[in-house]
Amino acid sequence: GVQTCALPISSGRTQYNLGVLIPGVSLAGGQDVGGSGGQTAFPNLEIHGSKAADSVETMGGMSISVLSTGAHQPMRVNPAASQEIVLDTAAGDAEYQVGGVRIHRIAREGSNTWNGTFFGSFANGDMQGNNLTQELRDRGLNTPDSIKTNKEWNAGFGGPIKRDKLWFFLAGRQTRSEMYAAGLFENANLNNRNAWTFVPDLSKPAFNLREQTDGQIRLTLQATTRNKLALTWQDA
């Protein structure tokens, strides 16, 4: 069936974070929480035994997927630039060569009215709990996976270039996720020429960094009474 809803603020605000909220849909590679995995960490949805490579993405009805080397190449979603996202999980259209989850995006367009949107979020380790028990410490796990920082800003603005004829909409997004890896630390002997062994520096836990930026512009032209043309440019 077709599922439509607003993007949950508590999710990572991508089509993949939204898709796993549908019963039966799973995320290939692992579950992202709150955007900590970044947009490209786990890029494929699966359902009803489909392969991750069977997923299809469209914008305004046109496919924006790339099927290469046996893997589906996703396109990043900029929520501020998206008017609607629809996920279709059954009764696949015959025009697609694969039968997995279909993700349909409708881009946001400018209008005769000036309008804008902004979203921001921030989290760090002080906002997070953990289930690290003494038993786990006794077995050698000193620190759990945890958040260092997880932040995002997403803004959009649009309006008329020529009323009733030509409109624009601009959108920008930046996400940054830093995640501490459980039980891993930097080497205290790094750059020490007199020591060739690894000694964990317990004051410097190791972390993964993912930073992603996205910029989009959409121009819409009312060419004739019955025909409208649109052009979308994305730098991601």
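Fair warning: this is a prediction, and the values are worked out from it, not measured in the lab. FYI, the numbering just counts along the sequence from 1.
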Any donor-acceptor pair under 3.5 Å from [X] side chain to [Y] backbone:
| X | Y | result |
| --- | --- | --- |
| Ser82 | Glu84 | no |
| Thr143 | Gly183 | yes |
| Asp145 | Ala182 | yes |
| Gln83 | Ala107 | no |
| Lys165 | Gln222 | yes |
| Asn189 | Thr197 | yes |
| Asn208 | Ala181 | no |

Check whether NZ of the Lys or CZ of the Arg Lys151 lies under 6.0 Å from the centre of the six-membered ring of Phe122 and within 45 degrees of that ring's axis.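 Pair Lys151/Phe122 does not count as cation-pi.
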Say whether [X] and [Y] are linked into one hydrophobic cluster, either directly or through other cluster members, by side-chain heavy-atom distances under 4.5 angstrom.
| X | Y | result |
| --- | --- | --- |
| Phe185 | Val199 | no |
| Ile103 | Ile106 | no |
| Met59 | Trp233 | no |
| Ile85 | Ile47 | yes |
| Leu219 | Trp114 | yes |

Given Met179 and Ile147, is the side chain to side chain contact (heavy atoms under 4.5 Å, CB included) satisfied, shown in steps? CA-CA 5 Å; Met179 297 292 297; Ile147 297 172; 3.8 Å; yes
Arg218: partners by salt bridge (charged side-chain N to carboxylate O under 4.0 Å, His left out), with sequence neighbours left out: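 If we apply the salt bridge (charged side-chain N to carboxylate O under 4.0 Å, His left out) test to Arg218, skipping adjacent residues, the hits are Glu109.
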Stepwise side chain to side chain contact (heavy atoms under 4.5 Å, CB included) check, Leu87 with Leu45: CA-CA 10 Å; Leu87 289 99; Leu45 298 175; 3.7 Å; yes
Heavy-atom side-chain proximity of [X] to [Y] below 4.5 angstrom:
| X | Y | answer |
| --- | --- | --- |
| Asn78 | Asn154 | yes |
| Arg176 | Leu209 | yes |
| Leu141 | Leu132 | yes |
| Asp88 | Val101 | no |
| Gln212 | Gln174 | no |
| Thr232 | Gln216 | yes |

So which atom in Ala155 and which in Phe118 form the shortest heavy-atom distance, rounded to 0.1 Å?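 Nearest pair, atom of Ala155 first, then Phe118: CB-CD1, 3.8 Å.
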Apply side-chain hydrogen bond (donor to acceptor under 3.5 Å, both in side chains) to the pair Gln128 and Ser146, showing each step before the final yes or no. CA-CA 8 Å; Gln128 182 185 31; Ser146 61; 4.6 Å; no
Between [X] and [Y], is any side-chain donor less than 3.5 angstrom from a side-chain acceptor?
| X | Y | answer |
| --- | --- | --- |
| Trp167 | Asn112 | yes |
| Gln234 | Asp214 | yes |
| Asp201 | Ser203 | yes |
| Thr175 | Glu152 | no |

Leu190: which residues meet the side chain to side chain contact (heavy atoms under 4.5 Å, CB included) condition with it, sequence neighbours left out?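 Leu190: side chain to side chain contact (heavy atoms under 4.5 Å, CB included) contacts with Asn187.
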Kindly compute the distance separating CH2 (Trp153) from OG (Ser121), expressed to the nearest 0.5 Å.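 Answer for the CH2-OG pair, Trp153 versus Ser121, is 12.5 Å.
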Look up atom NZ in Lys148 and atom CD in Glu178, then write down how far apart they are to the nearest 0.5 Å.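 Answer for the NZ-CD pair, Lys148 versus Glu178, is 4.0 Å.
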Cationic N near anionic O, under 4.0 Å, Glu135 to Arg137: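 Between Arg137 and Glu135 there is no salt bridge, as every charged N stays at least 4.0 Å from the carboxylate O atoms.
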Look at the aromatic rings of Phe207 and Tyr180 and report parallel, tilted or perpendicular, splitting at 30° and 60°.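 Rings of Phe207 and Tyr180: perpendicular, as their planes differ by over 60°.
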Just do the side chain to side chain contact (heavy atoms under 4.5 Å, CB included) check on Thr220 and Leu166 with the steps written out, would you? CA-CA 6 Å; Thr220 308; Leu166 182 63; 6.0 Å; no
Intermediate values then yes/no, side chain to side chain contact (heavy atoms under 4.5 Å, CB included), Thr117 and Asn115: CA-CA 7 Å; Thr117 181; Asn115 61 86; over 6 Å; no
